[in-house]
Every structure is written in structure tokens, then in C-alpha cells.
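Beneath this line is the structure, given in C-alpha cells, with notes to follow.
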Amino acid sequence: MKYLHYLILSIIVIAASVFASCSKDDEEIIYVEYDTTIVNKIVNQVVIVSESSEGELNCKRPEYLQVGDKVALISPSYYTPTTNVDKAAAVLRSWGLVPVAGENVGKIDADKYAGTVDERLADLRWALEDDDIKAIICNRGGYGAIQLVSRLTTNELAAHPKWLVGFSDITTLHGLLSCAGVMSVHGTMSTFLASSGGADATSTTMRDVLMGNIPRYELPAHSQNITGKGSGTLVGGNICTFVPLLGSQADATAHDSLILFIEEIGESMHNIDRLFNMLLLNGVLSRCNGVVLGEFVDCGSEFSYASIEAMLKPYIEIYNIPLLCGFPAGHGSVNMPLIMGSNVTVDVREDGSTLSFNIDGNEQTIRTKTLAKSPINALTIMKLAGKSN
């Protein structure tokens, strides 16, 4: 069908060009008039379909945590003050866990990074290979995780399946782990635990996930939703972070039967549009059974779209898949955990939506409309995301 669309459009354009060239003389150019509505309709219906993919992901769930388990605290991206790490460690101890900081946590390189690439990589490998460590919580995002991708292999990640928690720049590691066949948690990090004290729903739900209490999210209706139901492997995260991974060994979007999650902070509308079009041009949407849009914090408004969701919806609706908007995950005041690499089901209805994880565990219903906001202010979130000095 996609080729028929291209053929019809080509015939219209060629016919218009021929008519125009035959209708001008030395003195005058006669401009062709045609029904732009028809042409635009044909253009908008062209669906870019992936010619090839890597097949479906089949990710293993790491073992759930138990009281007394050791949890590594590492910094794969930007520097985190040790005072924040110490506060986060206190929160983990209050949960009955045993926090252990990486040897290089607290180091700083080039005024931003949490040590050199070798130092950050060494801490990640230690946390993976030490059998006493049952989970890994990243201290902060920012930038730098992409520098580790070429030095890691999916085989070594698959050999040590354990929970890794983080978001923002840690999206890179989620993609790599999904490609390695290991689930991970898109969720809050050490610096946020330190700021909130670990008592907010963002923190406690992340704790619950690690211990086997799996959320079933119920969300209110959203004006930009597209109704429908779909299941697939949850991939994605911060769009500025995962789009550069296209074609790499960390590109989880190269696989089939996906539910794509997207969030962003501090980016212009046109840059988000550009990145989304890169996904379209790479056939990613043709491999999706649904799209979930999270928080878009402090993003631009240079166009007249009512929102980022309103800008992206027309791209998505021609694929006839559900669109769930307003999921409280990302850089907003609430950042509910998502299990990346897990098979999920999104059910988008006129009266609201649900997002559920199709894995074993104790299911608990969470109504997102009733969640209290985090005490962390927007400026702090911007700084932690590396979007502000």
C-alpha cells in the first residue's frame, strides 16, 4: 500500500510539472492550480515501513531484591557530590538494603564527568560482575553513558542479569540492556533519593518494583490520546539520548512488537520534531504496537502547537496504534518507574488508560491522578539533567 501512495503522489507531481512546462511562453509563466487538500492527504498517508528488523526482544527479568541485599551506587555520566550519595545510601538502608558505592564515585573529570571513561566503566563492570551485588542504582544522569557503549558487549551484560535503575542519560544503558536481553528500571536515582528523602511515591514505587511489587497504572483521559489496545516490549526513554543510538548495538528500537516510551526536558519543539522524524525515517513506528508519551518539561513553544503531544499525534495516528499521553515519568515532579524490556499492555479508552506489565510479581494498582508531587523543584531537576549550569 505504501508504494501505491508514492505512485499516486508521483503521478500528480509529474502531471503538474508537465502541464506547467507546456503552459508558459517567453512573456508569461502560468502557475498550475490544483487541489492541495488531495495532495496533502496522500502525503500524510505515506507510512514508512521498516524493510528489516532484529526480531522481537525477549528480555529476562532479574531476581527481585530481598532485605539484606547489596545495591551498588555508581555514576556512569555526570559527577555527583558524595554528600548526595551518602544521603541516598541512608534511604536504601532504611529500606533494609545494603548500599555499596563504586570505588570511583566522587571523582570528577573535565569539570562534569564522574571520572574518566575508564573509571566510570570500571565501576559499572564491578557492579555487574560482583555476585554479591543484586542491583545497580545510578547516581545521576547528565551526559556520558554513550561513551561506554563501544566498550561493553551485550554478552557480558547478559551474563550478569541484575536490575539497573536510572533515567535521563541512563536511557543509553537501558537500550544496551534490552538488546542484551535483560530488563531494567527507568526510575529515580540517588541524587533524587537524597533530595526527597525517599518517602515520595516516585521513590517508594521504585523500591517496590525492585522487590517484586509490580504497578498497574491507571491514568485519566487525555485530549491527545488515540484510543486502542496494544502489547509489546517497552523501549525508549529520553528522546535526545536514545535516537543517537539508532543503528548501534544499544538500539532497542531496531526490534519488532514495541511499545515506545518518550520523554524530554529543556528541548525546542523543532528539535523534538527532528528526532521523532529520525525515528520515522528509520521505520521505528512501523515496528510499534503503541506509543507512550511521558513528561515534556520546559520544552519549547516556538510553533503554534498546543503541546508536544499535539505536535507528535499526527505522525502517530496514521499507524493505527494507541497513543497514551501524560504518563508521569521523566523529568517532571513525579517520575513513576517503568520496567524497560518488559512486555507491557497499553489500553487507551475514552474514559482513561491503563499500562500494565506482563511479568510475574505482586500487582498493585496505582492511580496516577492522585499522586503527590515531588518536593524537588524544576530548577534542580534541570541541573541534574545537565540542561542547566
Side-chain angles (χ1 to χ4, degrees), residues 54 56-65 76-77 124 128 135-138 141 145-146 148-149 152 154 157-158 160-189 202 205-210 212 214-217 230-246 248-264 279 284 287-295 324 327-331 335-346 355-361:
E54 300 295 328
E56 292 187 26
L57 286 165
N58 183 19
C59 296
K60 179 178 181 179
R61 175 186 61 75
E63 293 297 320
Y64 292 127
L65 299 188
S77 305
L124 177 57
L128 286 169
I136 304 166
I137 297 179
C138 298
I146 197 171
L148 310 181
V149 171
L152 292 163
T154 53
L157 294 172
H160 306 282
K162 56 186 67 177
W163 293 112
L164 181 138
V165 184
F167 71 105
S168 193
D169 193 53
I170 309 305
T171 293
T172 294
L173 299 182
H174 291 312
L176 192 57
L177 282 163
S178 292
C179 291
V182 181
M183 296 182 195
S184 55
V185 178
H186 181 283
T188 194
M189 297 180 282
T202 291
T205 308
M206 182 271 282
R207 174 203 63 197
D208 291 347
V209 167
L210 293 177
I214 307 304
R216 177 184 180 274
Y217 293 112
S231 297
T233 306
L234 186 63
V235 301
N238 182 261
I239 192 170
C240 278
T241 303
F242 76 81
V243 169
L245 300 174
L246 292 175
S248 76
Q249 67 164 337
D251 180 13
T253 69
H255 296 264
D256 291 326
S257 297
L258 305 174
I259 300 295
L260 180 65
F261 166 67
I262 298 173
E263 64 87 20
E264 192 47 81
L279 296 176
V284 173
R287 298 192 287 271
C288 289
N289 296 334
V291 175
V292 178
L293 298 183
E295 301 285 350
L324 192 164
F327 189 89
H331 291 80
N335 182 17
M336 301 307 287
L338 291 167
I339 304 172
M340 312 307 290
S342 168
N343 184 275
V344 302
T345 297
V346 292
L355 187 155
S356 54
F357 300 92
N358 304 317
I359 59 175
D360 60 314

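Between Leu173 atom CG and Ser77 atom OG the span is 7.0 Å, to the nearest 0.5 Å. Taken from CD in Glu56 to NE2 in His255, the straight-line distance is 10.5 Å, to the nearest 0.5 Å. Interatomic distance, CG of Leu57 versus CG of Leu258, reported as 6.5 Å (0.5 Å rounding). Atoms CD and CG, from Glu263 and Leu338 in turn, are 10.0 Å apart once rounded to the nearest 0.5 Å. Atoms CZ and CG, from Phe261 and Leu324 in turn, are 10.5 Å apart once rounded to the nearest 0.5 Å. A distance of 4.5 Å separates CG of Leu164 from SG of Cys138, quoted to the nearest 0.5 Å.
Side-chain atoms of Phe357 and Asn343, non-hydrogen and from C-beta on, never get closer than 4.5 Å to each other. Between Ile359 and Ile339 there is a side-chain heavy-atom pair separated by less than 4.5 Å. Under the 4.5 Å side-chain criterion, counting only non-hydrogen atoms from C-beta, His331 is in contact with Ser168. Looking at heavy atoms from C-beta onward, Pro215 lies in side-chain contact with Val209 at the 4.5 angstrom threshold. Taking 4.5 Å as the limit, some side-chain heavy atom of Thr205 sits within range of a side-chain heavy atom of Tyr217. Two residues are said to be in side-chain contact when any heavy atoms from C-beta on lie closer than 4.5 Å; Leu148 and Pro76 meet this criterion.
Between Cys288 and Leu260, the shortest heavy-atom distance links the atoms SG-CB, 3.8 Å. Of all heavy-atom pairs spanning Ile137 and Met189, the tightest one is CG2-CA, 4.3 Å. The heavy-atom pair separating Asn238 from Thr171 by the smallest distance is N-OG1, 3.1 Å. Residues Leu128 and Ile136 come closest through the heavy atom pair CD2-CD1, 3.9 Å. Closest heavy-atom contact between Ser356 and Arg216: CB-CG, 4.0 Å. Shown here for Val284 and Leu246, the closest heavy-atom pair between the two residues is CG2-CD2, 4.3 Å.
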Check residues 174-186 and write down every donor-acceptor pair under 3.5 Å in which the side-chain atom is one partner and the other belongs to a residue at least two apart or another chain.
residue	atom	partner	partner atom	Å
His174	ND1	Ser184	OG	2.7
His174	NE2	Gly166	O	2.8
His174	NE2	Val185	O	3.3
Ser178	OG	His174	O	3.1

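For the side chain to side chain contact (heavy atoms under 4.5 Å, CB included) with Ile262, the lone residue among Val243, Val292, Ile239 that qualifies is Ile239.
When atom types are taken as modelled, the side chain of Asn335 and the backbone of Gly330 share a donor-acceptor pair closer than 3.5 angstrom. Side chain of Ser248 to backbone of Ala250: a donor-acceptor contact under 3.5 angstrom is found. Side-chain atoms of Asp169 come within 3.5 Å of backbone N or O of Ala145 as a donor-acceptor pair. Under the 3.5 Å distance criterion, the side-chain polar atoms of Arg287 are matched with a main-chain donor or acceptor of Thr253. Of the possible polar contacts, one joining the Trp163 side chain to the Glu63 backbone as a donor-acceptor pair under 3.5 Å is found. Looking only at distances, a side-chain donor or acceptor of Gln249 sits under 3.5 Å from a matching main-chain atom of Leu152.
In this structure, Phe242 has no ring pair (Phe, Tyr, Trp, His ring centres under 6.0 Å) partners at least two apart in sequence or on a different chain. Partners of Arg207 according to the salt bridge (charged side-chain N to carboxylate O under 4.0 Å, His left out) rule, which considers only residues two or more places apart in sequence or in another chain, do not exist here.
Surrounding CG of Asp360 are more than 12 heavy atoms belonging to other residues, nucleotides or ligands, all under 6.0 Å away.
In this structure, a donor-acceptor pair under 3.5 Å is present between the side chains of Thr345 and Asn358.
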Go through Ile214 and Tyr64 one step at a time and tell me if the side-chain contact (heavy atoms from CB on, under 4.5 Å) criterion holds. CA-CA 11 Å; Ile214 307 304; Tyr64 292 127; 3.4 Å; yes
